[in-house]
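Comments concern the structure below.
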Amino acid sequence: MAESFEDTNVYFRKAAKVMGLPDRIQRVLQNPERVVKVEVAVELDSGELGVFTGFRVQHNAARGPFKGGLRYHPTMDEDHCTALASLMTWKTAVVDIPYGGAKGGIDFDPKLHATGEVERITRKFTQKIHEVIGPTVDIPAPDVNTNAQIMAWIMSEYSRLHGFSPGVVTGKPLELHGSEGREEATGLGLTFVTEEALRRQGATIAERTFAIQGFGNVGSNVAKHVAARKGRILAVSDHTGGLRNNDGIDIPALLAHAKQHGGVVKGFPGAQAISGDQVLLEPVDVLIPAALGGVLTKDNAKDIRAKMIIEGANAPTTPDADEVLHAREIVVVPDILANAGGVTCSYFEWVQNIQHFRWELDEVNSRLKKYMQRAFGTIWDLATARKISLRTAAFVVAIGRVGKATVLSGL
Ligand code: GLU
């Protein structure tokens, strides 16, 4: 099930209620500022015409240029894109980087297309949206099924139209104005947040067991960094299925296996094959959903056995499920905090692009750690003081920041 805008707004309204926010302000902050929908028609290798729909939803720019990823996925539609754009507004505010929120994408599966076709689709999409993006206007980045190569094509197409503009997208290849650390930043940021959450319970990653759903950019990098801190990962899954090893999966070996087998975990010899859905229900301390949205529902929330959930994906938990998890006192670290390391490092990349200056990996990662720890501390302290969930606390902090910027700019 795809994330819906209404689901995001359920969380928004819960926080708005805690804040006593007037209805009119709620409406201004909830609605997207601009919704762009374009036709992307290209000639496919077969000679046939491929016709796709592209989106860019610009949700809010009160705190700075619109910012957020591009998702290439058949489930992409306007409502879904608006939900994800709204989450970006709150996410950039939670980590306090000077951006608003946006999201975009195209309703197709790039895995079913040749590289040349994906390039033509990307360039055509860029031609269709180039007037509404730009280094000080709206800065796309990778998301599900998009990567550094796709960002390079967008930068190239945009620069053809507007002159040299590396700051128009983030998540670019290192050889083309990308930043050290950006590729791993979401996974590393999530690991920092996990460390902080466990520290508040007097524990460390090394003392806990984990299950990770999803083994793409986020899931595989979380696995790498959790394993490097001696956390025991008992189960992982991706779209090809799940794996379980109660002694702990050998993550460096699994990463090597995935690299050799088109990025998938299927067929890894060092674990028992289980279903992808089962991974969510394994008896581990910490569950990390790091694939698509809407996977924790009211149907499976009662069966979750983890005591802590760290949301690597955007919107993995439906509002119904969130209620159940809260009632069961399972600690949920919400997406807009947990996975904000990616966009935080995107910010560092953009700063480097603007200054035409390059930071070393140590500098990037130590700044990332500082931003994630600071955001976590603010949210945790508020949640504790007000006796609210971490998600509601994150929304309260974010809405407060966006609301203040809006009022200061003058309605
Ligand atoms: N797609 C990522 C996210 O959902 C990163 C966005 C960005 O770097 O702008 O946070």
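Note that the coordinates shown come from a computational prediction; the quantities given were computed from them, not determined experimentally. Counting starts at 1 for both ligands and their atoms, in listed order. What's counted below: heavy atoms across the whole structure, side chains too, no hydrogens, waters or symmetry copies.
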Atom 1 (N) of ligand 1 [closest protein heavy-atom partner, distance rounded to 0.1 Å]: D143 OD1, 2.7 Å
At what distance is the nearest protein heavy atom to atom 8 (O) of ligand 1, and which residue and atom is it? S346 OG, 2.6 Å
Is any side-chain N of the basic residue among E195 and R229 closer than 4.0 Å to the acidic one's carboxylate O? yes
Hey, what's the ring geometry for H257 with H261, parallel, tilted or perpendicular (30° and 60° as the breaks)? parallel
Scan side-chain atoms only and decide if R182 and S346 contain a donor-acceptor pair under the 3.5 Å cut-off. yes
Proximal atoms of ligand 1 relative to G68 (non-hydrogen, under 4.0 Å): 9 (O)
Any idea which protein heavy atom is nearest atom 7 (C) of ligand 1, and the distance to it? A141 CB, 3.3 Å
Would you say P142 and ligand 1 have an N/O pair spaced under 3.5 Å apart? yes
Within 4.0 Å of some non-hydrogen atom of G69, the atoms of ligand 1 are 1 (N), 6 (C)
With heavy atoms of K103 as the reference, note each atom of ligand 1 found under 4.0 Å away. 1 (N), 3 (C), 4 (O)
Is a salt bridge present between D238 and K266, judged by a nitrogen-to-oxygen distance below 4.0 Å? no
Within a distance under 4.0 Å of any heavy atom of R182, pick out the atoms of ligand 1 and give their elements. 5 (C), 8 (O)
So with a 6.0 Å cut-off around NE2 of H113, is the heavy-atom count from everything else above 12? yes
Identify all side-chain donor-acceptor contacts of residues 392-411 below 3.5 Å with residues at least two apart in sequence or on another chain.
from, atom 1, to, atom 2, distance (Å)
T392, OG1, S389, OG, 3.1
R401, NH1, A93, O, 2.7
R401, NH1, V94, O, 3.1
T406, OG1, V402, O, 2.7
S409, OG, A405, O, 2.8

Go through ligand 1 atom by atom and flag the ones less than 4.0 Å from a non-hydrogen atom of V343. 7 (C), 8 (O), 9 (O)
Look at the rings of W90 and F12 and say which category their plane angle falls in: under 30° parallel, 30 to 60° tilted, over 60° perpendicular. tilted
Do K67 and T170 have side-chain atoms, one donor and one acceptor, less than 3.5 Å apart? yes
Compute the shortest N/O to N/O distance between N339 and ligand 1 and return yes if it is under 3.5 Å, no if not. no
Please work out which of the three classes, parallel, tilted or perpendicular, describes the rings of H130 and Y158, given edges at 30° and 60°. perpendicular
Under 4.0 angstrom from ligand 1, any heavy atom of M88? yes
For K91, the ligand 1 atoms whose distance to one of its heavy atoms is below 4.0 Å: 3 (C), 4 (O), 10 (O)
Quick one: look up the protein heavy atom nearest atom 9 (O) of ligand 1 and list residue, atom name and how far away it is. K67 NZ, 2.7 Å
Residue part near ligand 1, for L87, under 4.0 Å between non-hydrogen atoms: neither
